[in-house]
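Structure, as structure tokens:
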Amino acid sequence: MSVVEQYARAHIVTDEDLREDPGAVPVILRYDPEADPRSVRVDLPGTDEWTFSRALLEQGLKVPAESGDVRVWPLGRVQAVVELHSDHGTSVVQFESKTLLRFLRRTYMAAPVAR
């Protein structure tokens with residue numbers, strides 16, 4: 001099984017005082033089936049990497065879903081939001097849904113869901 005890594009662009013909103021919208025920023029989506037076949041990782045610029053359930057990401061593309069400090073929900077027909085909460089604040093990351101779907105498809109090719 002191989003690691004799946006996908007580069008994406010996303011809009012990030014934080015609860016910090018931002019003077020300017022930086023526009024779309026590079027984000028790295030990762031899946032390592034040998035390290036943890038049930039989780040995906042999202043690496044945001046300037047922050048720690050977030051790890052959460054692959055099933056949460058999939059469910060959140062269809063209906064609002066939440067687990068611990070992570071929430072995922074569809075935003076219209078073409079976008080999805082991943083909301084991340086930490087002791088340092090909240091980040092809201094807006095993706096194109098097709099980007100996340102493509103990433104999930106690649107993760108399932110690398111390691112199908114164990115039933």
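For the numbers below, each heavy atom of this structure counts, side chains included, while hydrogens, waters and symmetry mates do not.
- For the pair Ile28/Glu5, a side-chain contact is recorded, criterion being any heavy-atom separation below 4.5 Å from C-beta on.
- Considering only heavy atoms from C-beta on, Ile12 comes within 4.5 Å of Leu44 through its side chain.
- Considering only heavy atoms from C-beta on, Thr51 comes within 4.5 Å of Ser39 through its side chain.
- In this structure a side-chain-to-backbone donor-acceptor pair under 3.5 Å is missing from Glu96 to Ala10.
- Side-chain contact between Val82 and Gln94: absent, with no pair of heavy atoms (C-beta onward) separated by less than 4.5 Å.
- Minimum heavy-atom separation, Leu56 to Ser67: CD2-CB, 3.9 Å.
- Between Pro74 and Lys62, the closest heavy-atom pair is CG-O, 3.6 Å.
- Under 3.5 Å, the side chains of Ser53 and Arg38 contain no donor-acceptor pair of N or O atoms.
- One finds the NZ atom of Lys98 at 13.5 Å from the CZ atom of Arg77 (value rounded to the nearest 0.5 Å).
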Exercise. How far apart are the C-alpha atoms of Val3 and Tyr31, what are their side-chain angles, what is the distance that settles it, and do they pass the side chain to side chain contact (heavy atoms under 4.5 Å, CB included) test?
Worked result: CA-CA 6 Å; Val3 173; Tyr31 174 70; over 6 Å; no
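- Tyr108 is connected to Val42 through a chain of hydrophobic side-chain contacts under 4.5 Å among Ile, Leu, Val, Met, Phe, Trp and Tyr, so both are in one cluster.
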Exercise. Stepwise, does the side chain to side chain contact (heavy atoms under 4.5 Å, CB included) test hold for Arg9 with Val25?
Worked result: CA-CA 5 Å; Arg9 299 205 50 85; Val25 297; 5.6 Å; no
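- Side-chain contact check for Leu84 versus Val93: some heavy-atom pair is nearer than 4.5 Å.
- Smallest separation of non-hydrogen atoms from Ala110 and Ser2: CB-O, 3.8 Å.
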For this session: Could you please spell out the steps behind the side chain to side chain contact (heavy atoms under 4.5 Å, CB included) verdict for Val27 and Tyr7?
Result: CA-CA 6 Å; Val27 174; Tyr7 294 85; over 6 Å; no
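- Listed by chain and residue number, Arg71 satisfy the side chain to side chain contact (heavy atoms under 4.5 Å, CB included) test with Glu66 (two or more places apart in sequence, or in another chain).
- Applying side chain to side chain contact (heavy atoms under 4.5 Å, CB included) to Leu57 and the options Thr107, Val40, Leu29 leaves one that passes, Val40.
- Between Leu104 and Glu58, the shortest heavy-atom contact is CD1-CA, 3.6 Å.
- Between Trp50 and Asp43, every side-chain heavy-atom pair lies at or beyond the 4.5 Å cut-off.
- Scanning both residues, Ala80 and Leu100, for their nearest heavy atoms gives CB-CD1, 4.0 Å.
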Exercise. Checking side chain to side chain contact (heavy atoms under 4.5 Å, CB included) for the pair Trp73/Glu83: CA distance, chi angles, key distance, verdict?
Worked result: CA-CA 9 Å; Trp73 68 89; Glu83 182 178 296; 3.2 Å; yes
